[in-house]
Amino acid sequence: MELILASQSPRRHEIMDYMGLSYRTEICTEPEKATPGLSPSETVMQLASQKAAFALRLHPDACVIGADTVVDLDGEIIGKPKSPEDAIATLSRMQGRSHVVYTGLCVLKEGYSDARFVTTKVRFRPMSEKEIRWYVSTGDPLDKAGSYGVQGLGSVFVDSIEGNYFNVVGLPAPVVYEMLLKAGAVTEDRT
């Protein structure tokens with residue numbers, strides 16, 4: 001059965017590659033629409049499900065996986081920054097504090113659906129305004145939920161992680177693998 005990743009994220013592609021999975025990519029071209037007022041877990045599951053449903057309509061004989069990631073800071077959902085100034089403001093609020101990363105996952109195939117979310121708590125070390133402005137000037141945080149990437153330049157600001165590291169990158173590998181096993185998209189011996 002063909003496996004489709006409904007995501008344009010290069011980080012999610014890398015994690016799928018790390019897992020040794022054979023897959024194709026389908027980028028959702030429909031606007032992402034989260035219902036206002038949802039919790040972070042409900043938001044990421046709704047968006048992941050939308051991406052997976054889009055890909056399944058195009059590939060009805062495949063097994064598809066959609067994912068979406070947001071950051072929860074003090075009950076506020078923070079996605080990708082809208083501008084460098086937005087990234088600076090977000091990082092300024094997060095420095096010296098903890099936040100929670102939520103990734104929603106949805107695996108779909110004909111007659112089958114499995115949707116879940118994973119959380120990881122991340123604590124940032126205190127950052128100076130100069131450090132924040134430098135980091136934003138690199139462009140690294142501008143396409144990432146929460147305005148940072150734990151796997152790149154932003155790693156120097158992450159003091160601690162409680163939970164799955166790959167969840168912070170955007171795709172919690174152990175949970176994805178379990179979901180794909182359950183869906184029959186992969187087998188334990190990978191045959």
Side-chain angles (χ1 to χ4, degrees), residues 2-34 40 43-56 58-59 62-71 77-84 86-88 90-91 94 99-108 115-120 122 124 132 134-158 161 163-180 185-186 190:
E2 183 176 33
L3 180 60
I4 305 289
L5 173 63
S7 175
Q8 65 182 348
S9 165
R11 293 157 300 277
R12 289 191 181 114
H13 297 184
E14 286 176 6
I15 295 168
M16 294 284 282
D17 292 343
Y18 295 157
M19 295 170 63
L21 298 173
S22 177
Y23 66 96
R24 287 190 326 146
T25 301
E26 186 64 57
I27 299 170
C28 183
T29 56
E30 296 176 344
E32 293 181 14
K33 296 178 193 169
T43 297
V44 292
M45 289 177 49
Q46 183 179 66
L47 294 173
S49 296
Q50 288 174 10
K51 293 174 186 178
F54 175 85
L56 188 62
L58 298 177
H59 306 278
C63 180
V64 301
I65 182 163
D68 196 78
T69 302
V70 299
V71 165
I77 295 174
I78 300 174
K80 295 176 184 176
K82 296 174 181 58
S83 66
D86 187 29
I88 290 168
T90 296
L91 291 167
M94 290 171 40
H99 59 273
V100 180
V101 176
Y102 284 78
T103 299
L105 303 164
C106 182
V107 171
L108 296 177
R116 306 179 193 185
F117 70 94
V118 176
T119 62
T120 303
V122 178
F124 267 27
I132 292 169
W134 165 80
Y135 180 48
V136 172
S137 76
T138 69
D140 186 64
L142 299 180
D143 69 338
K144 295 170 180 72
S147 300
Y148 74 97
V150 68
Q151 72 285 356
L153 297 172
S155 64
V156 299
F157 305 120
V158 176
I161 296 175
N164 186 273
Y165 165 82
F166 288 106
N167 186 52
V168 183
V169 180
L171 199 65
V175 177
V176 170
Y177 180 68
E178 178 186 322
M179 292 173 79
L180 294 176
V186 298
R190 301 290 178 101

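With a 4.5 Å cut-off on side-chain heavy atoms, Tyr23 and Ile65 do not count as touching. You'll find the side chain of Val44 stays beyond 4.5 Å of the side chain of Thr69, heavy atoms only. Taking the side chain as every heavy atom from C-beta outward, Leu171 and Phe166 never approach each other to under 4.5 Å. For the pair Phe54/Val64, no side-chain contact is recorded, criterion being any heavy-atom separation below 4.5 Å from C-beta on. Looking at heavy atoms from C-beta onward, Met45 lies out of side-chain contact with Tyr102 at the 4.5 angstrom threshold. Counting only heavy atoms from C-beta outward, the side chains of Leu3 and Ser22 never approach each other to under 4.5 Å. A heavy-atom distance below 4.5 Å is not found between the side chains of Val122 and Val71. Inter-residue side-chain proximity for Ser147 and Asp86 is flagged as unmet; no heavy-atom pair is nearer than 4.5 Å.
Applying the salt bridge (Lys or Arg N to Asp or Glu O under 4.0 Å) test between Asp68 and each of Lys80, Lys51, Arg12 identifies Lys51 as the sole match.
Heavy atoms from other residues, nucleotides or ligands lying under 6.0 Å from CD of Glu2 number more than 12.
Here the CD1-OG1 distance, from Ile27 to Thr29, works out to 9.5 Å after rounding to the nearest 0.5 Å. Annotation: the span from Arg11 atom CZ to Gln151 atom CD amounts to 6.0 Å, rounded to 0.5 Å. In this structure, the separation between CD on Glu26 and CD1 on Ile4 is 7.0 Å, given to the nearest 0.5 Å.
For the residue pair Leu142 and Pro84, the shortest heavy atom distance occurs at CD2-CA, 3.9 Å. Residues Lys144 and Asp140 approach most closely at NZ-O, 2.6 Å, considering heavy atoms. Of all the heavy atoms in Ala87 and Val136, the pair that sits closest is CB-CG2, 3.9 Å. Shown here for Ser49 and Leu108, the closest heavy-atom pair between the two residues is O-CD1, 4.5 Å. Scanning both residues, Cys63 and Val107, for their nearest heavy atoms gives SG-CG1, 3.5 Å. Ser9 and Ser7 make their closest contact through N-OG, 3.1 Å (heavy atoms, listed as atom of the first residue, atom of the second, distance).
Judged by distance alone, with hydrogens and angles left aside, the side-chain atoms of Gln50 form a donor-acceptor pair with the main-chain N or O of Lys33 at under 3.5 Å. The closest donor-acceptor contact from the side chain of Thr103 to the backbone of Asn167 lies under 3.5 Å. The backbone N or O of Asn164 lies less than 3.5 Å from a partner atom in the side chain of Thr120, making a donor-acceptor pair.
Ring pair Phe157/Tyr135: centre-to-centre distance below 6.0 Å.
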